[in-house]
2 protein chains.
Amino acid sequence: MGTPKTEFRIDIEACAKQLPTSIAILVRRMRLEGDVPASFASVLGRLEIVGSMTATELSELEHVRHQSITQTVKALEAKGWVQITVNPDDRRQRLVSLAPAGRDILTDQRRRRSEWLMVQMDTLLTEQERTLLAAATPLLERLAMGGPAD
Amino acid sequence: MGTPKTEFRIDIEACAKQLPTSIAILVRRMRLEGDVPASFASVLGRLEIVGSMTATELSELEHVRHQSITQTVKALEAKGWVQITVNPDDRRQRLVSLAPAGRDILTDQRRRRSEWLMVQMDTLLTEQERTLLAAATPLLERLAMGGPAD
DNA sequence: TATTGTTATACTCTATAACTATA
DNA sequence: TATAGTTATAGAGTATAACAATA
């Protein structure tokens, strides 16, 4: 049916050009909404789901260097939001887990941040558009993580 | 028609919870792909489209404080990537515009960054999913900018 | 007074390099 | 040697506060 492929390519290119700017600004704005640094909230959120993780596992999931995670975890420990225990089976590993205070902070932070986003979505998008965005969110996650097996 | 509303709400909530983490990681990874700081590239891109802008206009579009833009623009000027001229009609204003060297840098940077993203999209998404993401991108832009009239 | 912009300073976040400890 | 993690240091990016210049 003619040349839908050309139009399609243009869409994808336009997407690849626009997406970086849009999400960078969105991240910037959400950072201001939170009362807790985004890096902290992200780590706490993972610990809540998984229970406990090593620094290396965290760094892989967050796509940062392991040295960076060390600093984040150190700051979280200083706040009393995580606990660190040495893995007795491999004493090189430190297992990071959510402390009670961390759980409280996480609950509060997540409510704030996702509430802000939900207000934006309610205000700026139609119901149909919200559904579309919800459908696209797992795709962004896949792009962020580099695929199901990465 | 039962309770589609409940399911819908769950989708939107899941979206609002997942989206911040995913796009934060995506921004992080794209920053590593670029050879130019993301804040620089973003400002250069706007100047290419609009021609010249004041610091205040830039700060509003980028959703940062005007003090922050001052520093970005100062760095861009030091690199020779933008030119700054005083607006003769209002001598408080400095008009920032793209210098030839800035245009070269921008072209190169944009090719790198959007190429990386396009490779990810080609590798990790189906054609249908790419179309879905392309459709959702303007919605993310709207959320980022706070609406058509903001 | 209001607007536009700068300077000074500090914090968050992440990186690279060099190191220690355990396997 | 390889893996897990730390410490030291630096740079990008952005914020707040106080200031100067122009309208």
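Quick caveat: nothing in here was measured; it's all calculated off a predicted structure. Letters go in sequence order (proteins before strands), and every chain restarts at 1.
One hydrophobic cluster, built from ILVMFWY side chains closer than 4.5 Å, cannot hold both A:Leu98 and A:Leu95; they sit in different ones.
Phosphate proximity of C:dT12 to A:Arg31: absent, as no side-chain N or O sits under 4.0 Å from OP1 or OP2. Between A:Thr70 and D:dT6 there is a side-chain polar atom (N or O) within less than 4.0 angstrom of OP1 or OP2. Between B:Lys74 and C:dT7 there is a side-chain N or O to OP1 or OP2 distance below 4.0 Å.
End-to-end axis angle of the helix from C:dT1-D:dA23 to C:dA23-D:dT1, from C1' rotation axes over five pairs per end: 10° (rounded to 10 degrees).
Under a 4.0 Å N-O distance rule, the pair B:Arg130/B:Asp122 qualifies as a salt bridge. A salt bridge does not link B:Arg28 to B:Glu33: none of the charged nitrogens lies less than 4.0 Å from a carboxylate oxygen. A salt bridge does not link A:Glu57 with A:Arg46: every distance from a Lys NZ or Arg NE/NH1/NH2 to an Asp or Glu carboxylate oxygen is 4.0 Å or more.
Residue-level contact check: B:Thr54 touches the backbone only, with heavy atoms under 4.0 Å from sugar-phosphate atoms and none from bases. Using a 4.0 Å heavy-atom criterion, one finds that B:Thr56 contacts the sugar-phosphate atoms exclusively. Using a 4.0 Å heavy-atom cutoff across all strands shown, B:Ala75 reaches no nucleic acid atom at all. B:Ser39 comes within 4.0 angstrom of the backbone, heavy atoms only, and of no base. Residue contacts for A:Leu32: at a heavy-atom cut-off of 4.0 Å it reaches the sugar-phosphate backbone alone, with no base atom in range.
The B:Gln71 side chain lies nearest to C:dT9 when the options are C:dA23, C:dT9, D:dA17. In this structure, of D:dT14, C:dT6, C:dT14, it is D:dT14 that holds the atom nearest to the side chain of B:Ser68.
With A:Thr107 contributing its side chain and A:Arg103 its backbone, the two residues share a donor-acceptor pair below 3.5 Å.
Annotation: of the two residues near DNA chain C, A:Pro88 and A:Ala38, the 5′-most nearest-nucleotide partner is A:Ala38.
You won't find any donor-acceptor pair under 3.5 Å spanning the side chain of A:Arg91 and the base of C:dT22, going by distance alone.
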